[in-house]
Student: 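Quick one: structure below, then a few questions.
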Amino acid sequence: MTSDAGPPRNQKRRPPRRPAQAQRVQPARRVAFDVIRAVTESDAYANLLLPTRLERAGLSGADAGLATELTYGTLRMQGYYDAVIRIAAGRETDRIDPPILDVLRLATHQLLSMRTAHHAVVDEAVSLAREVGSQSATGFVNGVLRTITRTEPADWHERVMDEPRTDDERLAIEYSHPVWIVRAFRRALAAEGREIELEDLLDADNLAPRVSLVALPGLSSTDDLPRSRPARFSPLGVVSEGGDPARWPVVQTGHARVQDEGSQLAALALSRARPAVAGERWLDMCAGPGGKAALLAAEAAAVGVTLVANEILPVRAELVRSALAAIPNPPQVLVQDGTTIGQTLPEQFDRILIDAPCTGLGALRRRPEARWRKQPKDVAELQKLQARLLESGIDALKPGGILAYVTCSPHLAETTGIVEGVLKRHGGRIERLDTAAVLAGVTVEPLELGDRGERTPGHVQLWPHRHGTDAMFICLLQKVQD
């Protein structure tokens with residue numbers, strides 16, 4: 001990678017006119033740039049860092065909304081913008097210094113996807129380049145962005161889309177997803193007989209998700225959540241219609257939580273798979289950061305059930321304890337390796353939730369940077385962990401007990417591949433329950449689940465484009481009585 005982001009050698013370029021005083025960068029744009037840089041440079045998570053930076057900068061209302069759109073819009077469409085930048089710059093993006101490339105990405109988002117005055121975008125981008133790069137970098141940024149402004153967004157789209165050689169490559173650039181993710185999504189939809197929905201799914205990944213909340217049973221109700229409307233599917237959920245839910249008293253007390261509807265349904269599939277009996281013991285094996293554990297704990301407390309939460313990392317275990325603090329007599333939180341619980345606590349639990357670590361490809365709306373961070377090799381590594389966790393959960397499950405295997409990913413290797421593997425290894429010891437039938441008795445509206453194709457039934461795959469949720473996979477398994 002070159003250390004000079006300026007024009008190629010031997011190419012003469014008139015130096016940009018420097019104003020007497022450097023252009024002031026608006027606070028919203030500066031916050032967005034700082035978050036994007038942290039994501040690129042330090043593998044930060046935008047959804048965790050942005051609220052902190054907004055508060056530190058004192059931004060709220062329209063300014064906070066602008067910073068959010070700049071941040072997430074740039075990260076979501078990074079692949080497409082890089083294609084535009086490569087053409088406008090006449091060089092591959094890996095030959096541009098990372099800070100300067102982030103300046104260009106942020107500016108390109110404003111030029112092509114927002115109604116922002118061109119001169120303001122270019123001037124502020126040059127100011128940012130001056131802060132993070134060399135003098136030649138400022139001229140380079142000015143030249144690239146001026147080139148972009150001379151072509152209409154529709155014409156840029158046509159130029160960019162002339163290059164892909166295959167349909168998957170075309171979709172990858174147009175909808176700004178790595179090709180391997182496009183292919184994984186295609187296979188997952190095809191398994192349901194719904195491959196035709198691929199573009200709808202990719203498009204949904206680039207839309208800002210709704211803010212959903214859950215009212216924890218026994219602590220609050222959906223009527224306690226202001227400025228909201230009932231959720232489509234979760235009987236305990238609402239969708240915010242404006243404002244910052246974190247400021248609502250019922251959320252501040254922990255009696256309600258911001259939680260995607262798909263996560264709510266994953267927890268409810270386990271807690272309501274059959275009537276709970278007082279004295280049962282439930283386990284949330286991979287509980288961090290604690291959202292599903294809080295919902296399970298509230299459900300458990302209402303019927304005299306004991307919940308135990310587990311998390312391998314101490315720092316995440318503290319997040320779980322915080323999430324459970326609002327529950328009367330909060331559940332015990334263990335700090336153990338989930339893959340060993342089956343050995344240390346054999347046949348101790350009537351119900352177990354395994355929300356397994358995964359690629360997170362089902363939550364790309366919320367964590368857009370994950371699409372650029374994950375690699376195909378990650379799937380194989382996670383598969384091994386997922387299989388070990390599921391084996392451990394089976395060992396920890398009482399005969400007749402129910403286990404919910406959940407991932408926030410639709411990748412077949414992380415979903416049905418794991419389930420089919422454990423069913424094959426355990427023969428008649430484990431059987432698959434009809435998860436769709438269970439959730440049909442839970443949801444407010446029926447879940448439209450696709451044609452299935454040749455896929456074996458017994459699980460539920462949620463989708464952003466079809467259900468408005470994260471792409472959660474939910475499969476209920478039962479340990480056969482001896």
Student: Any side-chain donor-acceptor pair under 3.5 Å between Glu199 and Tyr175?
Tutor: yes

Student: Can you name the closest pair of heavy atoms from Leu364 and Ala370 and give their distance?
Tutor: CD2-CB, 3.9 Å

Student: For Arg281, is there any backbone N or O sitting under 3.5 Å from a side-chain donor or acceptor partner on Asp350?
Tutor: yes

Student: Counting distance only, does the side-chain N/O of Glu414 pair as donor-acceptor with the main-chain N or O of Thr359 below 3.5 Å?
Tutor: yes

Student: State whether the side chain of Arg371 and the backbone N or O of Pro368 hold a donor-acceptor pair below 3.5 Å, judged by distance alone.
Tutor: yes

Student: Ignoring hydrogens and geometry, is there a side-chain-to-backbone donor-acceptor pair from Ser234 to Leu265 under 3.5 Å?
Tutor: no

Student: Kindly give the heavy-atom pair with the smallest separation between Lys398 and Glu347, and that separation in Å.
Tutor: CG-O, 3.3 Å

Student: Main chain of Glu280, side chain of Arg351: is a donor-acceptor contact present, judged purely on distance under 3.5 Å?
Tutor: no

Student: Nearest 0.5 Å, please: how far is CZ in Arg321 from CZ in Arg316?
Tutor: 13.5 Å

Student: Would you find a donor on one side and an acceptor on the other, under 3.5 Å apart, between the side chain of Thr435 and the backbone of Val460?
Tutor: no

Student: Parallel, tilted or perpendicular for His177 and Phe185, by the 30°/60° rule?
Tutor: perpendicular

Student: Please check this pair: side chain of Thr340 against backbone of Asp337, looking for a donor-acceptor N/O pair closer than 3.5 Å.
Tutor: yes

Student: Please name all residues satisfying side chain to side chain donor-acceptor pair (under 3.5 Å) with Arg425, sequence neighbours left out, ordered by chain then number.
Tutor: Glu391

Student: If you count the non-hydrogen atoms of other residues, nucleotides and ligands that lie under 6.0 Å from CZ in Arg53, is the total more than 12?
Tutor: yes

Student: Rounded to the nearest 0.5 Å, how far does NE2 of His255 lie from CG of Leu225?
Tutor: 12.0 Å

Student: Which atoms form the tightest heavy-atom contact between Gly254 and Leu216, and what is the distance?
Tutor: O-CD1, 3.4 Å

Student: I need the full list of side-chain hydrogen bond (donor to acceptor under 3.5 Å, both in side chains) pairs touching residues 58-81, with sequence neighbours left out, sorted by first then second residue.
Tutor: Glu69-His109, Tyr81-His109, Tyr81-Ser113

Student: So which heavy atom on Pro217 is nearest to which on Leu236, and how close?
Tutor: CG-CD1, 3.6 Å

Student: For side-chain contact (heavy atoms from CB on, under 4.5 Å), just list the numbers for Ile418 and Thr407, CA-CA rounded to whole Å, side-chain angles, deciding distance to a tenth of an Å, and then say yes or no.
Tutor: CA-CA 11 Å; Ile418 298 297; Thr407 66; over 6 Å; no

Student: Counting only N and O atoms by type, is there a donor-acceptor contact under 3.5 Å from the side chain of Gln478 to the main-chain atoms of Gly400?
Tutor: yes

Student: For the side chain of Asp470 and the backbone of Gly262, is there at least one donor-acceptor N/O pair under 3.5 Å apart?
Tutor: no

Student: Identify the two heavy atoms, one from Glu448 and one from Arg194, that lie closest to each other, and give their separation to 0.1 Å.
Tutor: OE2-NH2, 2.8 Å

Student: With distance as the sole test, does Gln110 use its side chain to make a donor-acceptor pair with the main-chain N or O of Leu106 at under 3.5 Å?
Tutor: yes

Student: Under 30°, 30 to 60°, or over 60°: which ring-plane class applies to Phe473 and Tyr405, parallel, tilted or perpendicular?
Tutor: perpendicular

Student: What pair of heavy atoms forms the shortest contact from Ala325 to Pro330, and how long is it?
Tutor: O-CG, 4.1 Å

